[in-house]
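Computation of the quantities below employed the complete heavy-atom set of this structure, encompassing side-chain atoms and omitting hydrogens, waters and symmetry-equivalent molecules. Every chain is numbered from 1, with letters handed out A, B, ... down the list of sequences.
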Amino acid sequence: MGCSRSKEIQGGCGEVTGMESIYTALSNRPVRDGIRRTRENLSKNVKENLKKYPFLKKYARELRDVKLKVINDLDFWIDRSIKKLEENGARVFYARDSESARRIVAEIVGSGKTVVKAKSVVSEEIGLRDHLEDMGNEVWETDLGELIVQVNNEKPMHMIVPALHLSEDEVIRILERVGIKGKNAEECTDKVRLFLREKFLKADFGISGCNAFSAESGSIFLIENEGNIRLSTSVPEKYIAIVGVEKIVPDDEHAIKSIMVQSAYFGTFPPSYINVIRNRQPGELCVVFLDNGRKSTDEILKEQLLCVRCGRCHLECPIFQLTGNVWGGETYGGPMGMGWSAITSGISSIENEVFLSCLCGKCRIVCPMEINIPRIILHLRKLAVRQTAK
Amino acid sequence: MFRPGKLIELLESNMARTGNPLGLKRSLLSEWLRGLPDLKGRDDTILFTGLMYQLTPYIELSTKYLQKIENSSLEKLFYFYVKLSKYVNPYRFLTLRGSDMERYSESLRRIFLILKKSGIDFTYREDLDGYSGILLYDLGDDSAFSSHAQEISDLLENADVKKIITVDPHTTYALKVLYPEYSGLKVEVASYLEILADVIDKGRMENLNEVVIHDSCYYARYLDIIEHPRKILENMGYRVVEPENSREMTSCCGGPIESISPVFSREIAESRIEELSSAGKKAVTMCPICMGNFERCGFSTHDISDLIFGGMNGSEPSQE
């Protein structure tokens with residue numbers, strides 16, 4: 001029935017390799033329990049947020065249009081942002097890919113320094129922490145969950161809740177490795193605070209990502225609930241922000257709307273802290289804009305760039321609920337992670353993973369930016385099939 | 001996880017040989033017609049089963065075998081089988097209990113009878129029924145899907161069909177949304193639930209049981225068919241119970257990945273089963289894939305056609 005294809009499809013659109021880890025994840029009960037717990041709490045919050053503050057939905061729709069405009073004209077907005085930052089007295093860099101981003105940051109930092117980091121997915125994307133450590137620096141994650149994951153030498157299990165899969169006992173044992181001794185979560189948190197305070201004070205550099213960037217004022221907008229970003233970006237003399245170019249919005253109003261939407265759809269609204277950083281006097285502000293595939297997406301993948309990284313699709317996805325961030329590429333997992341991995345690491349990085357999706361479409365329904373994630377996943381399948389059929 | 005490329009290879013070769021993704025003999029897929037009265041009615045309106053109900057018990061049977069070898073060195077057996085399938089009919093070696101097949105046949109027969117009883121004028125013609133190719137589409141095999149869609153579209157348009165009645169969400173999505181885009185099909189397509197929602201009046205029966213409704217992902221999120229089944233069930237006198245995650249937030253049954261990973265598919269089914277069974281005793285599905293996957297995982301549901309049929313005849317369907 002018209003299904004002839006002269007050449008046999010080799011392997012599974014590539015051999016199915018590297019998928020063993022998903023079975024390991026499947027038998028790792030704490031991951032599943034952690035996601036379930038987090039989902040139960042946060043989903044309830046999201047529902048309440050949207051009911052209590054109906055304007056959030058309006059903001060989300062408005063933001064989609066505005067972000068789409070920027071993404072369709074990225075060069076213009078990047079230029080405008082760079083100009084504004086330079087006017088403000090910042091040092092601005094542009095990195096085409098992750099290697100050049102690592103090199104730029106490494107050149108700024110040098111070696112033998114102490115660096116405190118805000119939790120940042122984009123820094124995971126470019127493999128920054130390892131690189132700076134390899135260059136002979138002492139690097140500390142300052143978000144509690146991210147610090148635990150750093151010490152345990154593993155991958156964050158969720159973008160915003162990186163250690164959701166670890167029990168209290170495990171956390172106590174992990175933290176002991178860096179000399180933080182507490183009998184329970186509360187004690188550990190206090191001790192971590194003391195531990196990190198010392199790092200903040202001696203740090204030469206603070207590094208963060210960016211939740212939204214306003215081209216109007218050249219400001220970096222960051223939200224958080226622990227206060228560690230505030231310290232990382234203000235205490236050390238020099239501060240470096242890594243900004244994915246898709247984070248640019250035209251003005252302050254939409255930067256604020258973007259972080260409100262992000263936090264509301266994640267489930268913590270309003271966020272405990274909102275940081276707006278325009279310049280550092282005294283001190284130095286360095287901004288690294290990162291392309292790494294963002295500017296060369298095709299029309300369907302492009303929609304993924306609207307993502308505000310709230311992590312909603314992760315928690316609602318039936319596959320992610322079983323595997324956590326193990327299902328996905330090196331950095332980005334879950335439904336949004338298929339598109340993001342393809343953009344930042346190429347399709348081959350998730351050519352098998354995309355076939356595990358149910359295409360059930362819940363990710364599209366819960367996405368504040370209404371990104372048609374199943375369409376992106378299907379598109380990646382088509383590309384994978386076409387590639388092997390060549 | 002089975003290699004998607006190998007699955008595609010199997011589907012393509014089965015479809016080239018038989019027109020259906022499992023390579024089943026056509027006569028097996030027509031068994032449901034046994035005992036039905038006159039299949040003829042208005043020529044330009046046809047019932048199109050898309051073969052999903054007929055295929056489901058066979059899909060479940062193969063999934064049971066695949067589940068045993070997934071993620072082991074025995075996975076190779078499947079790839080060997082893919083090679084073999086080009087030369088022999090694999091289902092010669094697998095046997096299906098009559099009762100397993102009969103359940104799905106019965107649902108189809110009931111859909112047919114419900115529509116007739118509701119005064120819908122249509123024809124069923126075996127030669128105009130076929131598989132939609134949706135699995136090829138889902139696996140990203142666009143070129144094979146596209147030529148298959150063209151073939152089916154030509155068949156329907158050459159027969160001057162003006163309206164198609166579908167019976168499952170996947171076929172409905174293929175014909176209603178994908179065919180116009182892929183093969184320019186211009187025929188009106190409606191799921192039988194959409195049609196019945198307009199014609200089944202209120203108050204046929206009182207006090208039938210409570211039913212927990214499981215929305216299909218494709219009906220609820222891809223086709224916006226959410227109110228129709230509720231309206232039908234309520235008008236039939238059932239009390240519809242909403243489980244945790246329903247309507248457009250419905251949870252997946254796991255069925256769509258049962259061929260890629262029966263193991264993951266089962267885990268997803270189990271978590272949905274938990275949600276459904278904690279909402280009530282009796283669950284209703286409206287997609288054969290949902291019903292089949294739940295069944296494989298030890299949870300029996302009622303196909304919505306069985307409930308409607310029961311309601312129309314003043315009796316509840318017997319519990320399986």
| request: With a 4.5 Å cut-off on heavy-atom pairs, point out which of B:Arg272, B:Glu248, B:Glu75 contacts chain A the most. | output: B:Glu248

| cation_pi(B:Lys83, B:Tyr79) dist<6.0 Å, angle<=45 | no

| message | Would you call the rings of B:Phe145 and B:Tyr182 parallel, tilted or perpendicular, taking 30° and 60° as the class edges? | response | perpendicular

| All salt bridge (Lys or Arg N to Asp or Glu O under 4.0 Å) counterparts of B:Glu258, not counting sequence neighbours | none

| Which portion of A:Val366 sits near chain B, non-hydrogen atoms under 4.5 angstrom | side chain

| By a 4.5 Å heavy-atom criterion (distance strictly below it), what part of A:Leu356 contacts chain B: side chain, backbone, both, or neither? | both

| message | Heavy-atom cut-off 4.5 Å, strictly under: side chain, backbone, both or neither for A:Ser43 against chain B? | response | neither

| field | Side chain / backbone / both / neither for B:Thr250 at chain A, heavy atoms under 4.5 Å | value | backbone

| query | Which atoms of A:Leu359 come close to chain B, meaning under 4.5 Å heavy atom to heavy atom: side chain ones, backbone ones, both, or neither? | reply | both

| field | Segment of B:Gln150 engaging chain A (4.5 angstrom heavy-atom cut-off) | value | neither

| message | Is it the case that atom CZ in A:Arg36 sees more than 12 heavy atoms from other parts of the structure closer than 6.0 Å? | response | no

| query | B:Asp129 and B:Glu126: side-chain contact (heavy atoms from CB on, under 4.5 Å), yes or no, with the steps? | reply | CA-CA 5 Å; B:Asp129 196 5; B:Glu126 257 185 281; 5.7 Å; no

| remark: Turns out that what part of B:Asn245 lies under 4.5 Å from chain A's heavy atoms comes down to side chain

| field | Sub-4.5 Å side-chain heavy-atom contact between B:Asn293 and B:Ile268 | value | no

| request: Applying side-chain hydrogen bond (donor to acceptor under 3.5 Å, both in side chains), run through A:His379 and A:Glu303 and close with a yes or a no. | output: CA-CA 12 Å; A:His379 174 61; A:Glu303 202 187 1; over 6 Å; no

| query | Given that the side chain runs from C-beta out, which part of B:Tyr137 has a heavy atom under 4.5 Å from chain A: side chain, backbone, both or neither? | reply | both

| task | With a 4.5 angstrom heavy-atom cut-off, could you sort out which part of B:Ser261 is near chain A: side chain, backbone, both or neither? | result | side chain

